[in-house]
Amino acid sequence: MMSVYDVTMRPLLAAAKTVNPITQAEFASSLLSLFNFKVPRVFGIALSGGVDSMCLAYLSDAFARKYGTTVFAFTVDHKLRDGSSIEAKSISNVLATQLGDIRPRLRHEILELDWKYADQSSHMIERTARTLRYRALAKACVKHRIEHLLLAHNLDDQVETAMIRLLRGSTCRGLAGMRRVCWIPEGHSTYGAHHVKILRPLLSHSKVRLIATCLEAQLQWFEDMTNHDPTYTKRNAVRYLLSQPEKLPQALRPRSLALLCERLSVQRSRTERLGMRLFKSEMENGNIRFSRPSMSATWKMRPETYEGMEVNTLVSFVQRLVNMVTPLEISDISSHRYKEIVTKLLDPKESTFTFMNIYWTHTTKAVIRSKIVRQARNEPQRNIRNLSASPFGDQKLKSGKNAKSRRFSLTVNRPVSSEEEQETRVEHFWTLTRQPIPGNRQPVAVVLIPSSGWSDWVLWDGRMWFRLRWDAANQRASSKPIIIRPFSEMDRDTVSKFGPVIERNFEAKTKDLNNRQLSTLPVLHDPEIARMIAIPSIKFYIGTRELICEVALKNQDILTDRE
């Protein structure tokens, strides 16, 4: 009886002997275009040890030698199956013996995942593993100042992704498949990772060519047999299905799905460029304003401007607008839902709603504009007997016996008065603020301030990064914890206890904030004295000035073109 491995891999191994391997020139051309022809000082690759990633390591090493750069290969040890740690160490040995020399350009690191607080239930294990894997990769890239991380996804992976999304009911945006360039997933949870890009230089190459490349270079790779178990993950089941294309309709065969991805990818890139252009235009024209103290945004919505635009362009625009305020990752929401929101925004039938943990408020404003209207009246002139010139310019009068007796009546429009007319126009505004935080789900972060120097960056509420230190004159003998939590009513009582001067300062700092907005702002809480000591986003402090706080917004690079 044939095993699943015999069905999925053996035909590829046989076909690899008859196809051309990927040349170093092909790979260099693809990678240089993804680098925008600026070779970085260092870049990284994700190295699982399978045939795809070993091919990527081999080609990346050759690229690094030619262009004088350095490659970090990161192997993630998921700790989910027996022998995974031994296999990760074996990958290092293979790299050292087959790619190493006296001047190595490829360095290898093993990243071990910590499942201590992770969800290990069977229905969530694949998603949780992905989250932990990308977080580990993001941290490693920040550590080594890497801004480009290469993944070994190939054309076969693209087809599998398209089939999975088709079964899920994805729209055209999803069916366009994986992107050749994108920002690293889960990057929001690691400070500095918002600069890390994912590159897929092998996405247009079939898996059989990757196998041919490894065979020609006599590279050893490690086969994870769980990848060939169709009962283990949804992707494995789809992989098994696609390995027998003769049993599929023509429209669902790998070649048809690959062409579909390519066509829809071009369309997706176009609509996202238009969405980015619209967002930049609205920002530059002052129609979108972000308030740092309240962490809210206001959008002056002009329905007539967006008429006739493609809905996917508007979806891309709204995603960027949402990303200014939300504590969530915008990629977690389907484009179906975004299309519903676009309809709500452009034709508001309700004044408020919630979406992506954002409270959306619609308001209108009547604007009266004045304009000067000049009026004219018809004033007939007296008949003219003799004309020295024709009133018709160069056109001459017809000669005849009655030419001298012709009479002409000229009517001249003369402005005799002007008056002011008033025009009333309704302007629409959407205000986006963080949805009030339920008491049982309040975000809390702990910053451990060292005795000297800055603390580590800590993300609070998915929106703001914090780090703290003492000023030079007030350094402590030991580290001290500070809690970051949302503002509450007990903080008002704290303010009142410090007298009228502090109260007036507080009122001045919060005069433009309503209670809902105030309740979503971060507070620095000192557990030793059990009270608030600062609201750093509005620069309000109580009884302490020796503590220096630096705040960075998650959306600080919101205008970056994130295709």
Side-chain angles (χ1 to χ4, degrees), residues 21-77 87-112 133-154 157 178 180-185 187 190 192-193 195-205 209-211 213-214 216-222:
I22 302 169
T23 65
Q24 294 179 7
E26 277 184 283
F27 180 78
S29 175
S30 174
L31 189 54
L32 284 171
S33 67
L34 298 183
F35 283 150
N36 290 324
F37 301 98
K38 296 178 182 177
V39 179
R41 176 188 59 82
V42 60
F43 65 92
I45 65 171
L47 181 63
S48 66
V51 65
D52 303 343
S53 63
M54 290 302 289
C55 174
L56 178 63
Y58 168 71
L59 293 172
S60 297
D61 178 67
F63 180 91
R65 293 173 192 273
K66 181 176 180 179
Y67 290 95
T69 184
T70 301
V71 186
F72 278 90
F74 302 114
T75 297
V76 178
D77 181 3
E87 184 178 297
K89 292 176 182 177
S90 299
I91 294 172
S92 290
N93 296 331
V94 171
L95 294 177
T97 56
Q98 299 192 7
L99 299 181
D101 66 358
I102 59 173
R103 292 179 292 106
R105 285 291 179 180
L106 190 144
R107 304 176 186 176
H108 186 237
E109 282 192 17
I110 298 174
L111 311 177
E112 296 184 354
R133 177 170 66 251
Y134 275 118
R135 285 181 181 174
L137 289 168
K139 289 179 180 178
C141 286
V142 172
K143 173 185 174 184
H144 296 290
R145 299 184 180 180
I146 292 171
E147 295 187 357
H148 304 89
L149 179 69
L150 277 55
L151 302 187
H153 290 132
N154 53 66
D157 298 320
M178 294 179 286
R180 285 171 60 82
V181 180
C182 66
W183 299 93
I184 189 167
T190 302
H195 291 302
V196 180
K197 283 185 177 180
I198 292 290
L199 307 182
R200 295 183 173 96
L202 301 176
L203 199 57
S204 59
H205 298 293
R209 290 198 68 196
L210 273 66
I211 295 174
T213 306
C214 287
E216 184 189 57
Q218 298 183 345
L219 274 177
Q220 179 185 350
W221 70 81
F222 300 85

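By the 4.5 Å heavy-atom criterion applied to side chains, His148 and Cys141 are not counted as neighbours. Here the side chains of Leu95 and Asp61 are not in contact, with every heavy-atom distance at 4.5 Å or above. Residues Gln98 and Gln218 fail the side-chain proximity criterion, which asks for heavy atoms closer than 4.5 Å. Counting only heavy atoms from C-beta outward, the side chains of Pro185 and Ile198 approach each other to under 4.5 Å. Contact check for Met178 versus Leu203: side-chain heavy atoms found under the 4.5 Å cut-off.
Separation of atoms CG (Leu59) and CD (Gln24) is listed at 7.0 Å; rounding is to 0.5 Å. Interatomic distance, Arg41 CZ to Arg145 CZ, rounded to the nearest 0.5 Å: 7.5 Å. A distance of 11.0 Å separates CG of Leu34 from CZ of Arg200, quoted to the nearest 0.5 Å. Here the straight-line distance linking atom CD of Glu109 with atom CZ of Phe74 works out to 5.5 Å at 0.5 Å rounding. In this structure, CG in Leu210 is found 11.5 Å from CG in Leu219, a value given to the nearest 0.5 Å. With values rounded to the nearest 0.5 angstrom, Leu111 atom CG is found 11.5 Å from Arg133 atom CZ.
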Is there a side chain to side chain contact (heavy atoms under 4.5 Å, CB included) between Val181 and Lys197 once you walk through the steps?
CA-CA 7 Å; Val181 180; Lys197 283 185 177 180; 4.0 Å; yes
Determine whether Ser33 and Arg180 satisfy the following criterion, side chain to side chain contact (heavy atoms under 4.5 Å, CB included), listing intermediate values before the conclusion.
CA-CA 11 Å; Ser33 67; Arg180 285 171 60 82; 4.2 Å; yes
May I have the step-by-step check of side chain to side chain contact (heavy atoms under 4.5 Å, CB included) for Glu147 and Val196, ending in yes or no?
CA-CA 4 Å; Glu147 295 187 357; Val196 180; 5.7 Å; no
Could you go step by step and tell me if Leu137 and Leu149 meet the side chain to side chain contact (heavy atoms under 4.5 Å, CB included) rule?
CA-CA 9 Å; Leu137 289 168; Leu149 179 69; 4.1 Å; yes
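Classified by interplanar angle (parallel below 30°, tilted 30° to 60°, perpendicular above 60°), the ring pair Phe35/Phe63 is tilted.
Heavy-atom minimum distance, Lys139 versus Thr190: CG-OG1, 3.6 Å. In this structure, Ala88 and His108 approach most closely via the heavy-atom pair O-CE1, 3.7 Å. Taking each heavy atom of Ser60 and Leu150 in turn, the nearest pair found is OG-CD2, 3.8 Å. In terms of heavy-atom proximity, Ile22 sits nearest to Arg209 at CA-NH2, 3.6 Å. Closest of all the heavy-atom pairs between Ile91 and Phe222 is CG1-CE1, 3.7 Å. Of all heavy-atom pairs between Asp157 and Ala152, the closest is OD2-O, 4.1 Å.
Not a single donor-acceptor pair under 3.5 Å links the side chain of Thr213 to the backbone N or O of Pro21. With hydrogens and angles ignored, the 3.5 Å screen pairs a side-chain donor or acceptor of Thr97 with a backbone N or O of Val94.
Side chains of His205 and Glu26: no donor on one and acceptor on the other come within 3.5 Å.
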Atom pairs and distances, donor-acceptor, side-chain atoms in residues 42-58, under 3.5 Å, two or more places apart:
unit_1	atom_1	unit_2	atom_2	d
Ser48	OG	Gly50	N	3.3
Ser48	OG	Ser53	OG	3.2
Asp52	OD1	Lys207	NZ	3.0
Asp52	OD2	Asn154	ND2	3.1
Asp52	OD2	Lys207	NZ	3.0
Ser53	OG	Ser48	N	3.1
Ser53	OG	Gly49	N	3.0
Ser53	OG	Gly50	N	3.4
Ser53	OG	Gly50	O	3.3

